[in-house]
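Residues take their numbers from the sequence shown, with the count starting at 1.
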Amino acid sequence: MAQGLAFLRRRLAGDYEVDEFGFDPDLTDAVVHPLVRLLYRDWFRTEVSGIEHVPAEGAGLVVGNHSGTVALDALILSTALHDRHPARRYLRLLGADLVFRMPVVSEIARKTGGTVACNPDAERLLGNGELVGVFPEGFKGVGKLYADRYKLQRFGRGGFVSAALRTGTPIVPVAIVGGEEIYPMLADIKPLARLLKLPYFPVTPTFPWLGPLGMVPLPSKWLIEFCPPIPTAHLRDAADDPLVVFNLADQVRETIQQTLYKLLERRPDPFGP
């Protein structure tokens with residue numbers, strides 16, 4: 001209660017800072033992270049490994065696989081990294097345009113450090129020495145069917161690689177197991193998705209059959225592993241070379257895919273302890 005009252009006093013007095021992107025560390029620490037922590041620690045029983053591969057200071061580009069029908073993996077990754085990293089670093093997530101066109105969701109994304117997934121913003125954040133998180137699969141990863149779980153989708157044009165090369169930032173691949181089971185997508189009703197102007201309209205074992213209760217995620221077991229960083233400083237002059245960008249993006253993708261296979265062997269039961 002004392003912490004809550006102190007938070008309210010700071011908000012009423014305006015005793016908090018917001019950066020040029022709208023990031024509000026005070027709100028993130030006091031409200032968002034405690035809520036997400038209940039999910040990642042208690043509901044999903046998340047195990048994190050390889051945190052020593054995340055830079056202790058300075059810029060880093062964290063690249064992960066995307067899944068889950070609803071992109072909880074971004075929030076889980078951000079909070080888990082902050083909690084487990086010795087320097088308590090924040091992950092500045094890059095999100096799709098749709099995220100920043102949605103009321104409420106847009107405000108929350110900005111307040112928690114997110115920004116639009118475009119190279120100028122990514123390069124500015126990296127140039128400021130921030131940790132930046134990106135999911136190159138985009139909606140193709142989040143909206144894939146359960147039958148295609150843990151099969152990485154195409155990484156687009158490799159814009160994240162260009163941003164890393166231009167700033168000489170190391171790329172840290174991260175593999176996330178557990179997100180595919182929280183809302184297993186059995187079907188995608190495309191006509192309804194087009195009508196609602198959504199990238200997909202999911203049908204899961206609980207949604208839309210159970211209404212709002214269908215939004216409760218299933219308690220899958222999560223494993224997150226950060227892989228050794230891939231240096232890029234020696235390739236800064238090749239930021240506009242399509243072959244270099246493609247090869248590096250493919251290396252990152254293959255690293256994540258192989259790590260996913262390894263983690264799945266460690267977790268044979270998706271809902272085990």
Min side-chain heavy-atom separation [X]-[Y] under 4.5 Å:
| X | Y | answer |
| --- | --- | --- |
| L27 | Y16 | no |
| F44 | P217 | yes |
| F226 | V48 | yes |
| V177 | W222 | no |
| I51 | V54 | yes |
| V172 | P55 | yes |
| I171 | T232 | yes |
| I224 | S49 | no |

Consider only side-chain heavy atoms of I, L, V, M, F, W and Y, link residues closer than 4.5 Å, and tell whether [X] and [Y] are in one cluster.
| X | Y | answer |
| --- | --- | --- |
| L248 | L152 | yes |
| L72 | V174 | yes |
| I189 | V70 | yes |
| M215 | L75 | yes |
| L91 | I76 | yes |

Applying the side chain to side chain contact (heavy atoms under 4.5 Å, CB included) test to [X], which of [options] qualifies?
| X | options | value |
| --- | --- | --- |
| M185 | D148, V203, T69 | T69 |
| Y200 | L192, D188, L145 | D188 |
| P173 | N65, V62, L61, I230 | I230 |

Any Lys/Arg nitrogen of [X] or [Y] sitting under 4.0 Å from an Asp/Glu carboxylate oxygen of the other?
| X | Y | answer |
| --- | --- | --- |
| R89 | E130 | no |
| E47 | K221 | yes |
| D83 | R37 | yes |

Tell me whether the rings of F155 and F160 are parallel (<30°), tilted (30 to 60°) or perpendicular (>60°). perpendicular

Which word best sums up how the rings of H66 and F135 line up, parallel for under 30°, tilted for 30 to 60°, or perpendicular for over 60°? parallel

[X] side chain to [Y] main-chain N or O, any donor-acceptor pair under 3.5 Å?
| X | Y | result |
| --- | --- | --- |
| T28 | K111 | yes |
| H234 | G168 | no |
| Y40 | T79 | no |
| K144 | G141 | yes |
| S220 | G178 | yes |
| R45 | W43 | yes |
| R92 | A122 | no |
| Q257 | Y150 | yes |
| E181 | P270 | no |
| T112 | I108 | yes |

From [atom1] ([X]) to [atom2] ([Y]), nearest 0.5 Å:
| X | Y | atom1 | atom2 | value |
| --- | --- | --- | --- | --- |
| N128 | D19 | CG | CG | 8.5 Å |
| E180 | L218 | CD | CG | 13.0 Å |
| M102 | D97 | CE | CG | 13.0 Å |
| S106 | L98 | OG | CG | 10.5 Å |
| Y183 | T206 | OH | OG1 | 8.0 Å |
| T259 | L264 | OG1 | CG | 11.0 Å |

Using a 6.0 Å cut-off, check whether atom CD of E52 has over 12 heavy atoms from anything other than its own residue.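 Counting neighbours around CD of E52, more than 12 heavy atoms of other residues, nucleotides or ligands fall under 6.0 Å, so yes.
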
What do you reckon, is CZ of F271 surrounded by more than 12 foreign heavy atoms closer than 6.0 Å? yes

Heavy-atom closest contact ([X] atom, [Y] atom, distance):
| X | Y | answer |
| --- | --- | --- |
| A238 | V245 | O-CG2, 4.4 Å |
| S78 | L93 | CB-CD1, 4.2 Å |
| P184 | P205 | O-CD, 3.2 Å |
| F207 | G214 | CB-O, 4.0 Å |
| K151 | A147 | NZ-O, 3.9 Å |
| H82 | R88 | CD2-O, 3.0 Å |

Taking atom types as modelled and ignoring hydrogens, do the side chains of Y90 and D29 form a donor-acceptor contact shorter than 3.5 angstrom?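 Per modelled atom types, Y90 and D29 side chains form a pair under 3.5 Å.
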
Are R149 and S67 linked by a side-chain donor-acceptor pair shorter than 3.5 Å?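 The criterion, which ignores hydrogens and geometry beyond distance, is not satisfied for S67 and R149.
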
Show your reasoning for whether side-chain contact (heavy atoms from CB on, under 4.5 Å) applies to L81 and L131. CA-CA 10 Å; L81 188 155; L131 274 184; 3.9 Å; yes

Stacked cation flag R110 on F100, 6.0 angstrom / 45 deg: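 Ring-cation test returns yes.
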
Intermediate values then yes/no, side-chain contact (heavy atoms from CB on, under 4.5 Å), F23 and V18: CA-CA 5 Å; F23 177 41; V18 176; 5.8 Å; no

Under the salt bridge (charged side-chain N to carboxylate O under 4.0 Å, His left out) rule, what pairs show up with a residue in residues 232-257, not counting sequence neighbours? R166-D240

